[in-house]
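Inspection log for the structure reproduced underneath, given as structure tokens.
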Amino acid sequence: MKFSMEKLHVYTLALIAAIIPNIVFLNAIPQPRDSIFFMAFPKGEINYDFFSYSKMMFLIFSTVFLTLIFLWKSYKKIKWQPVYGFLIVYTVLIILSTAISPFRELAIRGLGDRYEGIFTLFAYLLLFFVAYNIAKDKEDRKIVIGGVIAGSVVVGLVGIFQYWGLDIYRTRFMQQIITPEEFSNFKFTFQFGKATIYSSLYNTNFVGSYMVIMLFLAIGLFLNSESKKAKNWSYAYALLMFANWIGCRSRAGIMGGQIIFIFALLLFFRLIKTYKKDLIILVCSFAVVFLVMNTVESDQGNLADKFTSINTPSNPNTYLRDAYVENGALVIKDKFTDIKVFQKEGRVQFFDDTNKALTPQVKKYKSLELNENGQEVSVERYKIYFNEEKYKRYSFNILRDGMLELEYNHEDIRIIKYPIVFVGDTYKSPGITGKLFDIVKIPRLHALDGYETLGSMRIYNWTRTLPLLKETMYLGYGPDTFSIVFPQNDTFGKTISYGMANIVVDKPHNMYLQIAVNTGIISLVVFVIGLFIYLLDGIVAYRGLEKISVEAFLWLGVLAYHATAMFNDSLVSVAPIAWICFGISAGIIYSNREEEKSLNTKEID
């Protein structure tokens with residue numbers, strides 16, 4: 001295929017699709033302690049970022065360049081289409097949410113490690129707009145999809161080597177490439193070990209979101225390949241995408257993919273016989289890939305262990321429910337009762353749920369703890385416990401004057417420890433950065449109390465996020481502001497869910513809640529309506545086909561991404577590709593419908 005300046009915007013979009021997922025480069029972004037950036041993301045006064053900031057910068061500048069070229073080449077051909085109405089309304093709501101945001105600086109730049117500020121969101125919408133228009137030309141959309149595939153091959157190769165313990169980012173050679181000279185002595189730490197995949201996408205969950213699109217596209221290419229060469233290449237590509245889809249161990253990606261696989265089976269069931277041989281080859285090959293990869297174990301066990309634990313909480317659930325101050329006492333509630341801790345002038349008393357004083361028992365015990373030099377030493381401690389039957393789960397360790405530690409024994413399955421600090425007549429507990437927070441009642445969805453640990457703590461995130469929506473009916477708090485409005489002072493809720501309070505919850509683990517908080521419920525409604533129309537248009541366009549085209553599989557891949565988004569968030573590592581594929585797929589459906597209308601009109605004439 002010869003290069004043509006007339007198609008410069010097409011090649012540019014293809015390059016963006018190929019390059020963005022694979023950008024990894026260290027940036028040191030200042031976030032002074034007194035700034036909104038540190039308040040929202042208190043993980044240091046410098047955010048050392050490999051995976052998001054460079055992607056964001058490349059995305060914004062390349063998208064501006066792409067849009068200018070596209071408008072220069074094609075502005076006369078652009079005609080009003082209903083989808084532009086959705087884009088305009090969504091854009092306006094993003095702008096207004098940023099304009100009125102009390103955290104405007106954060107909404108413009110974005111949160112550390114994420115960087116989905118206003119300009120990043122604009123870039124997503126522009127990518128959709130350009131891709132939608134490019135999709136009208138079959139050759140042009142092939143070029144762009146080629147770029148998407150090229151990028152995914154690199155991501156997939158890096159990922160599969162990581163799975164087998166050959167991570168290129170752990171090599172000195174690669175570290176020198178992705179690290180500026182002034183950080184040549186940078187100490188690398190790795191969150192993920194062998195037998196999992198994060199590739200160049202920052203987190204295993206985002207690999208799941210990315211690969212679910214690519215897997216459907218790969219299957220479509222294999223089933224539609226006619227030549228032997230194309231069939232072989234597409235077969236290898238499908239195996240690579242499948243291996244990464246399962247190898248990243250993202251249960252969110254697996255669930256999203258399963259939902260759309262079932263949907264596709266129902267929609268195209270009558271066509272299964274057409275692809276019987278190829279489907280048997282794929283299913284058997286996928287099974288072999290799974291069995292081979294299942295031989296490798298990580299600290300989470302093998303793949304079978306991981307995927308059979310989809311409904312198993314990361315931490316066992318707990319009977320503990322709440323901790324708050326009422327009438328001068330700290331009330332700690334579980335499913336059955338509550339205990340009140342009352343402290344006055346250094347004297348601590350305990351009361352039952354009828355305000356009757358409890359008689360505490362005290363015993364001495366030895367505790368292994370780290371001293372100032374990091375050495376493990378034996379320390380003598382005292383434990384307060386109760387003989388009353390319904391309070392046997394409760395005990396309190398005396399850590400020092402003015403500090404107790406609740407120790408709650410959940411059926412000998414899980415021990416939850418929660419420090420309580422007395423400051424004057426107040427009750428506090430250490431949270432993020434060791435800061436002492438008042439122990440207060442946090443608004444939440446009570447219907448799911450006790451299930452907070454399900455879905456890798458997603459239920460906790462969701463139940464604490466939903467009350468925030470009372471303030472975002474019309475406009476949100478601003479792009480990428482979730483972390484600053486989430487109740488980070490919920491030390492008790494974090495402890496019973498994550499097992500620790502010193503953790504920043506910077507995302508809801510649900511893209512739809514993320515949109516509702518950041519840019520408002522109306523923007524979410526606009527987005528969901530647009531997505532629903534896309535779903536219906538695709539059903540109308542593809543259900544009557546005699547062959548399931550590659551375009552239909554791309555449509556399924558985009559739907560799978562948005563199904564996965566019920567459990568994952570938007571991130572600059574993956575979202576640009578999802579928006580490009582969304583735009584291409586929606587443009588194909590629209591252009592095919594217009595061609596069909598034109599043919600029908602000619603037949604009538």
Side-chain angles (χ1 to χ4, degrees), residues 31-45 47 112 314-315 318 320-326 328-334 339-346 348 350 365 367-377 379-384 394-410 414-444 452-453 457 460-461 464 483-506:
Q31 44 179 39
R33 188 168 287 272
D34 59 350
S35 71
I36 189 66
F37 305 110
F38 183 88
M39 291 170 60
F41 193 70
K43 293 187 177 180
E45 294 187 53
N47 174 220
S314 302
N315 290 319
T318 175
L320 277 176
R321 294 293 184 265
D322 218 340
Y324 56 89
V325 176
E326 185 176 77
L330 174 64
V331 181
I332 302 172
K333 298 178 72 74
D334 70 5
I339 189 170
K340 298 178 178 70
V341 182
F342 184 78
Q343 184 268 152
K344 187 76 173 178
E345 296 178 353
V348 180
F350 301 91
Y365 70 99
S367 173
L368 290 176
E369 299 175 14
L370 296 178
N371 63 15
E372 295 177 355
N373 299 320
Q375 298 172 321
E376 196 172 62
V377 295
V379 179
E380 194 173 81
R381 296 285 187 200
Y382 292 89
K383 182 185 293 291
I384 299 169
Y394 292 92
S395 62
F396 294 86
N397 300 315
I398 302 174
L399 300 185
R400 57 177 170 80
D401 287 344
M403 187 173 182
L404 295 179
E405 179 185 64
L406 166 68
E407 185 174 305
Y408 187 87
N409 187 333
H410 180 85
R414 181 185 175 201
I415 304 294
I416 296 173
K417 295 184 177 182
Y418 179 68
I420 302 162
V421 180
F422 306 123
V423 180
D425 294 333
T426 65
Y427 305 85
K428 298 178 182 289
S429 188
I432 49 177
T433 69
K435 178 182 176 182
L436 290 178
F437 290 94
D438 289 326
I439 301 175
V440 296
K441 185 176 285 190
I442 301 295
R444 68 183 189 276
E452 287 90 349
T453 60
M457 279 63 74
Y460 168 77
N461 289 12
R464 271 62 174 181
S483 177
I484 196 72
V485 297
F486 185 86
Q488 303 293 354
N489 61 331
D490 184 19
T491 55
F492 191 76
K494 289 180 180 180
T495 300
I496 65 176
S497 303
Y498 289 91
M500 56 182 166
N502 187 24
I503 186 171
V504 180
V505 179
D506 61 351

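Values below: every heavy atom of this structure, side chains too, minus hydrogens, waters and symmetry copies.
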Distance col, row D425:CG vs Q343:CD, nearest 0.5 angstrom, shows 6.0 Å

Heavy atoms, side chains only, cut-off 4.5 Å: are Y394 and V341 in contact? no

Q) Would Q31 and N47 count as having a side-chain donor-acceptor pair, cut-off 3.5 Å? A) no

Output for pair (F396 CZ, I339 CD1), nearest 0.5 Å, gives 4.5 Å

task = Find out whether V505 and K494 are in side-chain contact, i.e. whether some heavy atom of one side chain is under 4.5 Å from a heavy atom of the other.
result = yes

(request) Without swapping roles, check the side chain of S483 against the backbone of A40 for a donor-acceptor pair under 3.5 Å. (result) yes

Answer whether the closest heavy-atom distance between the side chains of R381 and N397 falls below 4.5 Å.
no

Sorted by chain and residue number, the ring pair (Phe, Tyr, Trp, His ring centres under 6.0 Å) partners of F41 (sequence neighbours excluded) come out as none

| task | Let me see the working for Y408 and I332 under side-chain contact (heavy atoms from CB on, under 4.5 Å), right down to the final yes or no. | result | CA-CA 11 Å; Y408 187 87; I332 302 172; over 6 Å; no

Quick one, I432 and F437 - any side-chain contact, counting heavy atoms below 4.5 Å? yes

When rounded to the nearest 0.5 Å, the distance separating CZ of R414 from CG of N409 is 11.5 Å

Requested in this report: Check for a donor-acceptor pair, side chain of S395 on one end and backbone N or O of E407 on the other, with a separation under 3.5 Å.
Outcome: yes

Legend entry - Sub-4.5 Å side-chain heavy-atom contact between L399 and L404: no

Heavy-atom nearest pair, P430 first then V421, reads CD-CG2, 4.3 Å

d(R400 CZ, E405 CD) to nearest 0.5 Å is 12.0 Å

Correct closest heavy-atom pair for F486 and N461 would be CE1-O, 3.9 Å

| query | Does the pair R464/E452 count as a salt bridge with the N-to-O cut at 4.0 Å? | reply | yes

Quick check: does any side chain N or O of Y427 sit under 3.5 Å from a backbone N or O of Y324, one acting as donor and the other as acceptor?
no

*Backbone N or O of I496 within a donor-acceptor pair of the Y418 side chain at under 3.5 Å?*
no

Within a 6.0 Å radius of atom NZ on K383, are there more than 12 heavy atoms belonging to other residues, nucleotides or ligands? yes

Value for CG (L406) from CD1 (I384), rounded to nearest 0.5 Å, stands at 11.5 Å

### Task
Without swapping roles, check the side chain of D322 against the backbone of D334 for a donor-acceptor pair under 3.5 Å.
no

Output for pair (I442 CD1, F492 CZ), nearest 0.5 Å, gives 11.5 Å

Looking only at heavy atoms, the pair that brings G431 and N502 closest together is O-OD1, 3.4 Å

Check your understanding: Salt-bridged, D438 to K428, with N to O below 4.0 Å?
Key -> yes

